[in-house]
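The first residue of the sequence shown is numbered 1, and numbering continues consecutively from there. None of these values were measured; they are calculated from a predicted model.
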Amino acid sequence: NGMYILDWVSANKWRDRIEAANFGQTQIGNNHDIWRSRTSIYKPLVAYIVPRAFRIYGTLVLRPEYKVSQPRTKRDGSTCMYVHINRWRTEELCFDGATGALAKRQYSDPSGVTSSVRLGDYRPFGTNLLFPWKISESEQGNIRLLLGVQALSPLEKTDATLFLPTPGS
């Protein structure tokens with residue numbers, strides 16, 4: 001159990017806080033700089049996985065040089081395709097058949113370890129957005145993270161001090 005808070009204005013202005021067991025970390029992204037402060041030198045696995053799961057949801061980029069396979073429909077109604085990024089990396093992307101939202105992103109690292117992020121229970125957020133309230137991450141078929149969103153709210157007003165480096169970061 002733990003807590004993850006993400007204050008997001010844009011890709012160039014954000015702040016996240018993770019607390020798990022005896023570990024706490026705050027990261028602040030402002031333009032191209034990232035400031036980090038943590039309560040321990042040791043960083044538990046959950047501190048790597050949780051922010052990465054959110055980045056996977058928010059950073060789907062298909063570049064012109066990528067080779068994309070023909071989409072195919074699976075038995076569950078999702079539409080999937082392979083994206084060949086380079087000769088060492090291919091990702092499988094699957095989209096929900098009803099909403100078109102990203103449902104799964106699976107990839108292997110150069111050593112052959114397969115990781116998968118599944119996103120589900122999308123709910124409306126803001127005017128025209130959907131956000132996944134359930135996120136899971138697995139490696140070699142073993143679930144390493146089950147994440148359930150408890151609250152999602154827009155920043156009412158941006159407090160500029162949220163995005164300033166903390167002392168010691």
Side-chain angles (χ1 to χ4, degrees), residues 4-18 25 27-36 43 45-155 158 163:
Y4 180 69
I5 297 172
L6 174 63
D7 295 311
W8 182 270
V9 175
S10 70
N12 291 322
K13 188 175 268 193
W14 54 269
R15 178 182 196 268
D16 71 1
R17 172 88 183 139
I18 187 165
Q25 174 178 281
Q27 297 185 114
I28 298 170
N30 200 337
N31 292 319
H32 299 290
D33 297 320
I34 296 177
W35 295 282
R36 183 176 295 120
K43 186 175 176 181
L45 182 61
V46 70
Y48 290 98
I49 296 173
V50 171
R52 185 175 66 195
F54 277 100
R55 280 193 301 275
I56 284 174
Y57 164 71
T59 59
L60 182 59
V61 175
L62 296 177
R63 298 202 167 119
E65 65 268 20
Y66 296 171
K67 293 176 177 48
V68 179
S69 71
Q70 283 292 96
R72 67 198 185 295
T73 302
K74 292 195 169 184
R75 282 185 223 137
D76 65 2
S78 63
T79 300
C80 299
M81 64 188 73
Y82 288 100
V83 179
H84 303 282
I85 295 170
N86 57 41
R87 66 182 183 172
W88 300 282
R89 186 170 174 116
T90 297
E91 295 187 2
E92 181 184 33
L93 302 176
C94 295
F95 300 88
D96 182 81
T99 64
L102 182 63
K104 181 178 98 170
R105 186 173 186 179
Q106 184 169 303
Y107 52 93
S108 296
D109 69 17
S111 67
V113 174
T114 301
S115 295
S116 177
V117 174
R118 295 181 183 271
L119 306 127
D121 190 15
Y122 279 86
R123 298 181 192 176
F125 178 67
T127 313
N128 297 316
L129 301 174
L130 290 174
F131 192 85
W133 282 60
K134 292 185 180 172
I135 299 172
S136 67
E137 197 269 354
S138 62
E139 184 178 275
Q140 299 296 95
N142 298 313
I143 293 176
R144 301 186 328 160
L145 170 73
L146 287 173
L147 184 114
V149 174
Q150 293 182 341
L152 187 63
S153 59
L155 284 172
T158 305
F163 307 101

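Crowding of R15 atom CZ: a count of heavy atoms from other residues, nucleotides or ligands under 6.0 Å exceeding 12. Within a 6.0 Å sphere centred on NZ of K134, other residues, nucleotides and ligands contribute 12 heavy atoms or fewer.
Taking both residues in full, the closest heavy atoms of S136 and L146 are given as CB-CD2, 3.7 Å, listed atom of the first, atom of the second, then distance. Taking every heavy atom of both residues into account, L119 and P132 meet most closely at CD2-CG, 3.7 Å. Considering all non-hydrogen atoms of both residues, Q140 and T114 come closest at OE1-N, 2.5 Å. Contact record, I18 with A47: CD1-CA, 3.8 Å, taken as the closest heavy-atom pair.
Remark: T90 OG1 to K67 NZ distance equals 10.5 Å, nearest 0.5 Å. Note that CZ of R17 and CD1 of I28 are 10.5 Å apart. Values are rounded to the nearest 0.5 Å. Here the straight-line distance linking atom CZ of R118 with atom CD1 of I135 works out to 13.5 Å at 0.5 Å rounding. Separating the OG atom in S78 from the CG atom in L93 is a distance of 11.5 Å, to the nearest 0.5 Å. Interatomic distance, CD of Q25 versus OH of Y4, reported as 9.5 Å (0.5 Å rounding). Between the CG atom of N142 and the OG atom of S116 there is a distance of 12.0 Å, given to the nearest 0.5 Å.
Between F163 and V9 the shortest side-chain heavy-atom distance falls below 4.5 Å.
Among E91, E137, E92, the one residue that satisfies the salt bridge (charged side-chain N to carboxylate O under 4.0 Å, His left out) test with K104 is E92.
Put simply, the side chain of Y122 never gets that close to the backbone of A103: no donor and acceptor are under 3.5 Å apart.
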Walk me through whether Y107 and V83 qualify under side-chain contact (heavy atoms from CB on, under 4.5 Å). CA-CA 10 Å; Y107 52 93; V83 179; over 6 Å; no
Audit row: R89, Y66, side-chain contact (heavy atoms from CB on, under 4.5 Å) steps and yes/no: CA-CA 10 Å; R89 186 170 174 116; Y66 296 171; over 6 Å; no
